[in-house]
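Written out below as structure tokens is the structure these notes cover.
On a predicted model such as this, the values are computed, not experimentally measured, just so you know. All values below were derived from every heavy atom in this structure, side-chain atoms included, with hydrogens, water molecules and symmetry-related copies excluded.
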Amino acid sequence: METIEAFNQAIFLHINAPQATSHWLIVASVLIANYAIWAVPIMLVCMWLIGGDNRREIAVHATFVGFVALGINQLIGMAWYHPRPFAIGLGHTFLAHAPDSSFPSDHATLLSATSFSLFFNGKRLLGTLALVVDVVVAWARVFVGVHFPFDMAGAAVIAWTTYVLSAPLWRAWGPASVRSLVALYRKVLARPIGRGWLRP
């Protein structure tokens with residue numbers, strides 16, 4: 001375990017921004033680390049609003065996998081605390097963050113879960129786009145000093161495991177849940193749908 005942790009810290013120090021890093025690069029990295037994740041809900045909402053039944057089902061499936069994976073993260077954090085780099089005085093930190101458990105990364109978990117769900121449900125272009133955002137965010141959060149590289153690798157493993165293990169549950173309950181959500185959407189937003197502002 002000590003060898004793995006030493007390797008994790010060594011990779012972190014290789015990626016983490018030095019103190020003399022250009023201001024513009026730090027600002028850009030902080031923005032990516034904090035806000036690029038919003039590409040996921042925007043993408044899923046767009047899939048719902050402009051897509052047909054198939055796209056809506058995939059969007060809800062991705063949301064389901066993401067939330068289940070985030071729930072697993074919370075359980076891991078409660079069972080095992082892994083300090084963030086700044087909590088042990090390692091490297092340089094450019095982003096204020098609570099000293100909660102670093103493993104696994106919630107950002108990377110949600111992005112990975114979305115990427116896997118899209119890619120393996122036939123939306124390979126969108127899945128690849130989500131994966132690119134995932135990799136960039138993972139790099140940025142290590143670069144600004146709030147995560148270790150293994151936090152990101154662990155997030156990908158948890159997201160993939162969640163996608164695979166939740167597949168039977170989704171097959172049993174997912175399609176019916178999506179139909180109920182579509183019916184609710186059409187009822188609540190009947191007026192803008194009737195005026196052609198939204199897709200039915």
Side-chain angles (χ1 to χ4, degrees), residues 1-44 62-118 127 129-166:
M1 189 67 180
E2 291 182 3
T3 302
I4 295 174
E5 190 61 35
F7 184 52
N8 191 22
Q9 293 183 10
I11 301 174
F12 167 79
L13 291 173
H14 181 72
I15 299 174
N16 182 227
Q19 197 67 47
T21 302
S22 300
H23 178 69
W24 71 267
L25 183 54
I26 294 298
V27 171
S29 300
V30 168
L31 289 174
I32 292 170
N34 268 339
Y35 301 113
I37 193 172
W38 285 101
V40 165
I42 291 171
M43 180 189 302
L44 296 178
T63 303
F64 167 74
V65 174
F67 275 112
V68 172
L70 289 177
I72 293 172
N73 281 6
Q74 297 306 308
L75 294 176
I76 292 173
M78 289 188 290
W80 178 59
Y81 174 77
H82 187 276
R84 293 180 184 272
F86 58 80
I88 59 173
L90 190 68
H92 303 97
T93 308
F94 301 92
L95 174 62
H97 200 289
D100 53 354
S101 184
S102 74
F103 183 91
S105 165
D106 287 339
H107 282 70
T109 297
L110 182 59
L111 288 164
S112 296
T114 302
S115 176
F116 295 145
S117 299
L118 294 174
L129 177 60
L131 178 60
V132 170
V133 176
D134 185 11
V135 171
V136 173
V137 169
W139 169 86
R141 294 185 71 80
V142 176
F143 188 73
V144 300
V146 295
H147 271 292
F148 286 102
F150 283 13
D151 299 339
M152 305 305 173
V157 171
I158 289 168
W160 171 248
T161 303
T162 302
Y163 175 79
V164 172
L165 295 182
S166 67

Would Q9 and I88 count as a side-chain contact (heavy atoms from CB on, under 4.5 Å) here? Give the steps.
CA-CA 11 Å; Q9 293 183 10; I88 59 173; 3.8 Å; yes
For the student: nearest non-hydrogen atoms of G91 and F12, plus distance
CA-CE2, 3.9 Å
For T109 against A159, the heavy-atom pair lying closest together
O-CB, 3.7 Å
OG/S117 to OH/Y163 distance, rounded to the nearest 0.5 angstrom?
6.0 Å
Compare all side-chain heavy atoms of F7 with those of T3 and state whether any distance is below 4.5 angstrom.
no
Residue pair P85 / N16, side-chain heavy-atom distance below 4.5 Å
no
Give, for atom CD1 of I72 and atom OG1 of T162, the distance between the pair rounded to the nearest 0.5 Å.
3.5 Å
Distance-only, no hydrogens or angles: does the S115 side chain make a donor-acceptor pair with backbone N or O of L111 under 3.5 Å?
no
Could you check, using the six-membered ring where one of them is a Trp, whether H82 and F150 have ring centers closer than 6.0 angstrom?
no
What are the two closest non-hydrogen atoms of P149 and I11, and how far apart are they?
CG-CG2, 3.4 Å
So how far is it from H147 NE2 to L95 CG, rounded to the nearest 0.5 Å?
9.5 Å
Could you go through V164 and F116, starting from their C-alpha distance and side-chain angles, then the distance that decides it, and tell me whether this counts as side-chain contact (heavy atoms from CB on, under 4.5 Å)?
CA-CA 10 Å; V164 172; F116 295 145; over 6 Å; no
Quick test of your reading: applying ring pair (Phe, Tyr, Trp, His ring centres under 6.0 Å), list the pairs with at least one residue in residues 84-104, sequence neighbours left out, ordered by first then second residue.
W80-F103
Side chain to side chain contact (heavy atoms under 4.5 Å, CB included) partner of D106, chosen from N73, D100, D151:
N73
Over all atoms of both residues, closest heavy-atom pair of M152 and S105:
SD-CB, 3.5 Å
Can you tell me how far the CG atom of N8 sits from the OG atom of S102, to the nearest 0.5 Å?
7.5 Å
All heavy atoms of I32 vs all of A140, minimum pair found to be CG2-CB, 3.8 Å
Side chain proximity check, T93 to R84, heavy atoms < 4.5 angstrom
no
Sub-4.5 Å side-chain heavy-atom contact between I158 and I76:
yes
Y81, OH atom: more than 12 neighbouring heavy atoms under 6.0 Å:
yes
Euclidean distance, L110 CG relative to T63 OG1, rounded to 0.5 Å
8.5 Å
Which atom names give the shortest non-hydrogen contact between A155 and P104, and what distance separates them?
N-CB, 3.8 Å
Got a sec, which pairs hit salt bridge (charged side-chain N to carboxylate O under 4.0 Å, His left out) with one end in residues 6-27, sequence neighbours left out?
none
